Amino acid sequence: MRISRTLPVAAVVAAAGVLSLAAVPAQAAEYSSALKVKGVQYDAPGRDSNKCSGGNTAAEYLTIKNYSKTAKVNLKGYVVKDAAGNKFTFTKSHTLEPGDYIKLRGGRGTDSDTKNVVYRQNCNFLWNNDKDTIYFYKPSGARADVHSYTKKANDRDGNGYINYHG
């Protein structure tokens with residue numbers, strides 16, 4: 001009789017453990033990827049203007065860093081999305097050496113590996129100024145990284161920049 005009482009308790013404890021894992025927010029999960037979001041300038045300095053000429057969308061950027069100590073990683077095929085489903089796909093080869101980074105900027109410009117920059121070739125802002133979620137996907141479709149932010153909770157100094165992963 002003791003065994004029959006113990007088994008249901010163990011099953012309940014195991015189920016509770018699974019439920020508590022399922023309740024972990026997506027941004028707290030750690031994904032197995034050398035590439036991660038280092039930070040985001042989600043609010044471009046100044047008054048937002050998405051004009052291609054004279055606008056400030058290039059001042060909004062996402063920094064992606066290769067945190068591997070040994071592996072080079074090519075960004076081709078990686079995808080960045082926001083909570084509304086707006087997305088950017090890296091269609092060209094951009095190889096990041098270990099410890100290297102690249103800034104994905106809004107606006108139009110010339111991509112440059114030596115200057116560590118890729119332009120979205122789109123003058124619309126990608127990140128919301130109040131809150132958003134950044135999804136970063138591997139070419140396979142698996143998540144490489146994800147972060148949610150709110151201006152109030154995550155940008156204490158109010159400069160429009162949030163740092164992740166150091």
Side-chain angles (χ1 to χ4, degrees), residues 17-46 48 56-107 109-122 124-166:
V18 170
L19 289 175
S20 67
L21 287 175
V24 173
Q27 66 271 20
E30 190 62 33
Y31 298 96
S32 62
S33 175
L35 299 184
K36 296 201 182 291
V37 175
K38 182 180 185 305
V40 61
Q41 180 73 47
Y42 68 91
D43 187 1
D48 284 354
N56 65 340
T57 55
E60 179 184 273
Y61 61 89
L62 182 72
T63 305
I64 298 167
K65 182 176 178 179
N66 181 354
Y67 285 91
S68 171
K69 294 185 189 316
T70 57
K72 295 178 185 180
V73 183
N74 190 333
L75 276 165
K76 187 173 183 175
Y78 276 79
V79 175
V80 173
K81 285 186 182 180
D82 72 349
N86 299 305
K87 74 177 187 174
F88 174 82
T89 302
F90 289 90
T91 58
K92 298 177 185 172
S93 291
H94 298 283
T95 300
L96 297 181
E97 299 286 332
D100 201 5
Y101 68 92
I102 198 158
K103 289 184 178 180
L104 174 62
R105 291 189 176 275
T110 303
D111 296 351
S112 171
D113 286 343
T114 57
K115 293 183 180 180
N116 296 25
V117 67
V118 171
Y119 289 89
R120 290 191 300 111
Q121 306 304 335
N122 183 321
N124 293 320
F125 289 98
L126 185 58
W127 311 115
N128 293 330
N129 289 352
D130 58 343
K131 64 181 178 179
D132 213 333
T133 301
I134 302 162
Y135 298 97
F136 184 46
Y137 294 96
K138 296 177 182 181
S140 67
R143 281 192 183 166
D145 204 6
V146 62
H147 295 280
S148 293
Y149 67 84
T150 65
K151 183 174 188 161
K152 183 177 180 181
N154 302 108
D155 187 10
R156 302 219 186 267
D157 61 7
N159 68 355
Y161 185 83
I162 300 171
N163 191 32
Y164 303 109
H165 300 292

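The structure presented is a predicted model; accordingly, all values stated were derived computationally and were not measured.
Taking Thr70 as the reference, nothing meets the side-chain hydrogen bond (donor to acceptor under 3.5 Å, both in side chains) condition, with sequence neighbours excluded. Annotation: side-chain hydrogen bond (donor to acceptor under 3.5 Å, both in side chains) contacts of Ser112 (sequence neighbours excluded): Thr114.
Aromatic pair Tyr78/Tyr137: centroids not less than 6.0 angstrom apart.
In this structure, the side chain of Tyr67 does not engage the main chain of Ser33 through any donor-acceptor pair within 3.5 Å. The main-chain N or O of Gly107 is never found under 3.5 Å from a side-chain atom of Asn122 such that the two would form a donor-acceptor pair. With Asp155 contributing its side chain and Gly158 its backbone, the two residues share a donor-acceptor pair below 3.5 Å. The backbone N or O of Ala59 sits nowhere less than 3.5 Å from a side-chain atom of Gln41 that would complete a donor-acceptor pair. A donor-acceptor pair under 3.5 Å is formed between the side chain of Asn74 and the backbone N or O of His94. Within the 3.5 Å criterion, the main-chain N or O of Gly109 finds a donor-acceptor partner in the side chain of Gln121. Proximity of a side-chain donor or acceptor of Glu60 to a complementary backbone N or O of Leu126 within less than 3.5 Å is detected.
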Check the pair Asn128 / Asp82 against side chain to side chain donor-acceptor pair (under 3.5 Å), numbers first and verdict last. CA-CA 9 Å; Asn128 293 330; Asp82 72 349; 5.4 Å; no
For His147 and Asn154, what are the C-alpha separation, side-chain angles and deciding distance, and is it a side chain to side chain donor-acceptor pair (under 3.5 Å)? CA-CA 11 Å; His147 295 280; Asn154 302 108; over 6 Å; no
Under the side-chain contact (heavy atoms from CB on, under 4.5 Å) rule, what do Leu104 and Phe90 come out as? Steps first, then yes or no, please. CA-CA 10 Å; Leu104 174 62; Phe90 289 90; 4.2 Å; yes
When you look at Phe136 and Val146, which way does the side-chain contact (heavy atoms from CB on, under 4.5 Å) test go after all the steps? CA-CA 6 Å; Phe136 184 46; Val146 62; over 6 Å; no
Residue pair Asn124, Thr57: steps toward the side-chain contact (heavy atoms from CB on, under 4.5 Å) verdict: CA-CA 7 Å; Asn124 293 320; Thr57 55; 6.0 Å; no
After noting the C-alpha distance and the side-chain angles of Thr150 and Asp130, does the key distance pass the side-chain contact (heavy atoms from CB on, under 4.5 Å) rule? CA-CA 6 Å; Thr150 65; Asp130 58 343; over 6 Å; no
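Of all the heavy atoms in Gly106 and Tyr119, the pair that sits closest is O-CD2, 3.5 Å. Of all heavy-atom pairs spanning Lys151 and Asp43, the tightest one is NZ-OD2, 3.7 Å. Summarising the geometry of Ser148 relative to Thr133, their closest heavy-atom pair is OG-OG1, 2.8 Å, with the distance given to 0.1 Å. In plain terms, the two heavy atoms of His165 and Val37 that are nearest each other are CD2-O, 3.0 Å. Taking both residues in full, the closest heavy atoms of Ala71 and Ser68 are given as N-OG, 2.8 Å, listed atom of the first, atom of the second, then distance.
At a threshold of 4.5 Å between non-hydrogen side-chain atoms, the residues Leu62 and Trp127 count as touching. Under the 4.5 Å side-chain criterion, counting only non-hydrogen atoms from C-beta, Phe88 is in contact with Val118. Within the 4.5 Å cutoff, no side-chain heavy atoms of Asn86 are placed close to those of Lys81. The side-chain heavy atoms of Val73 and Thr95, taken from C-beta on, include no pair separated by under 4.5 Å.
Atom OH of residue Tyr42 and atom CZ of residue Phe125 lie 13.5 Å apart, to the nearest 0.5 angstrom. The CG atom of Leu75 lies 11.0 Å from the CG atom of Asp111; values are rounded to the nearest 0.5 Å. With values rounded to the nearest 0.5 angstrom, Asp145 atom CG is found 13.0 Å from Lys65 atom NZ.
By the 30° and 60° cut-offs, the orientation of the rings of Tyr61 relative to Tyr161 is tilted.
Atom NZ of Lys131 sits in a sparse spot, with 12 or fewer heavy atoms from other residues, nucleotides or ligands closer than 6.0 Å.
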For residues 96-103, run the donor-acceptor check on the side chains, cut-off 3.5 Å, and write out each pair with its distance to 0.1 Å, sequence neighbours left out.
unit_1: Asp100; atom_1: OD1; unit_2: Asn116; atom_2: ND2; d: 3.0

